[in-house]
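Step one of this worksheet: look at the structure below.
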Amino acid sequence: MINRERLAKHIEELSQFGMQSSGGINRFSFTEEEAKANEYIEKLMEEAGLSVSFDAVGNVIGERQGTEEKAPIMIGSHIDTVPHGGKFDGALGVLAAIEVAQSLKDQGIQLKSPLKIVSFKDEEGTRFGFGLLGSRAMTGILKEEELEGRDDQGITLKEAMTQNGYDPEKIGEAKVREVAAYLELHIEQGKVLESENVPVGIVTGIAGPSWKEITVRGLSEHAGATPMPIRQDALVAASEMILNIEQIAFKYKDAVATVGKLQVKPNGVNVIPGEVTFSLDVRDLDNERCAKIVNEISEMIQEVSQKRNVESEIVELQTVSSVQADAAMQATIKEAVVSKGIKPISLVSGAGHDAMNLARICPMGMIFVRSKDGISHNPLEYSSIDDCEIATNVLFDTLVRLDQSI
Ligand code: GLV
Ligand code: MN
Ligand code: MN
């Protein structure tokens, strides 16, 4: 059994790093807020008896020995946030994993397998438009040339790494050799568990995101002196594209497409917008259908550009394949859920997670925690401490069961 009060205290304490006066949290990769939060995580890991290290991209890793020489079981999540994010997305998973380690220590429980608890670097991709950084590096798929993404100040991910003492040429060193199984506890960020009236759920698969950046170039001219028929207004063209993106996504059941970021240049009241950059996030559990939707959107963007006499460029930011959770891991989590007298509910994750990358190298399982009103990526994001406690106990129980079976 885990310690509910301690977990609640840690959720509250971690939320203070990057807390804004508005109540939202800004904790982005390679920033001072994140560095301080990492120091806090390091301290909690040490208290829990873990030996702590930072790998070549800044993943924080807490390790505990097993009684046997085996590949480790890994439990992870992330502590970075979206802009104006909440207290639970990622943070709960890291703190729950540390709470499990602390409880094992308190109760003198030895596991056969070594345990690795990981707080992954930059899951959200907020600052550089390129997420899952830590889990990409750890699974050996991150390439140095992918570190060229820039933040709003024009600093590249590569430069930010260097400024923080990391060598972009050494990212290969973050690759792990062997992992026996990967577990992640995360808030659901949807309404399925709430509607089923259960505190936790078992994830069956994760829909991978496809991210693009679209730049539309028209002509900046005088808003008063340029007649309507001859304008090359980049914002009006982008607006038509964005409405069409919504229509295209509506045609495919369960697919979602979002434009969440928009930059208008020169951004003046009396200037026709000459350049607009917007983001695109498309998700579908079916990888082929996701590619088809992206293709349809790309063709539409070219058509609108021709019609409105503007130029458009589409740049790939990231495409992550959808994955299935391991069947045996799902079964183990289900046993743990049922052992607590809870109805086992299985569900798909619409949100992306580091677990998508870990699933490439080992069996992966995820435990979801009920989200109030399904809200997340918002300061209102909330999971009750009752639910967090139950889920962390399910995590504890799943780990012990896994340790017996592998
Ligand atoms: C992470 O939260 C994502 O799904 O974008
Ligand atoms: Mn998130
Ligand atoms: Mn998350």
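Only this structure's heavy atoms are used, side chains among them; waters, hydrogens and symmetry mates stay out. Just follow the structure's listing: the first ligand is 1, and inside any ligand the first atom is 1.
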- Taken in chain and number order and not counting sequence neighbours, the residues that satisfy ring pair (Phe, Tyr, Trp, His ring centres under 6.0 Å) with Phe128 are none
When you check the side-chain N and O atoms of [X] and [Y], is any donor under 3.5 Å from an acceptor?
X	Y	result
Tyr182	Glu184	yes
Glu99	Ser103	yes
Thr31	Glu33	yes

- Scan for ring pair (Phe, Tyr, Trp, His ring centres under 6.0 Å) pairs involving residues 332-361, sequence neighbours excluded, and state none if there are none. His186-His353, His353-Phe368
- How would you list, by chain and number, every residue that makes a side-chain contact (heavy atoms from CB on, under 4.5 Å) with Ser346, sequence neighbours excluded? Ile202, Thr204
- Glu169 atom CD, over 12 foreign heavy atoms within 6.0 Å: no
- Query: Around atom CD of Glu288, are there more than 12 heavy atoms of other residues, nucleotides or ligands at under 6.0 Å?
  - Reply: no
- Please say whether Arg283 places an N or O atom under 3.5 Å from an N or O atom belonging to ligand 1. yes
- Decide whether an N or O pair under 3.5 Å exists between His377 and ligand 1. yes
- Item | For ligand 1, the portion of Glu123 having any non-hydrogen atom under 4.0 Å away | side chain
- Query: Which atoms of ligand 1 have any heavy atom of Ala351 under 4.0 Å away?
  - Reply: 4 (O)
- Message: Which of the protein's N, O or S atoms come within less than 2.8 Å of the Mn ion (ligand 3), not counting waters?
- Response: His78 NE2, Asp89 OD1, His186 NE2
- Task: Nearest heavy atom to atom 1 (C) of ligand 1 wins, so pick from His78, Gln189, Glu124.
- Result: Glu124
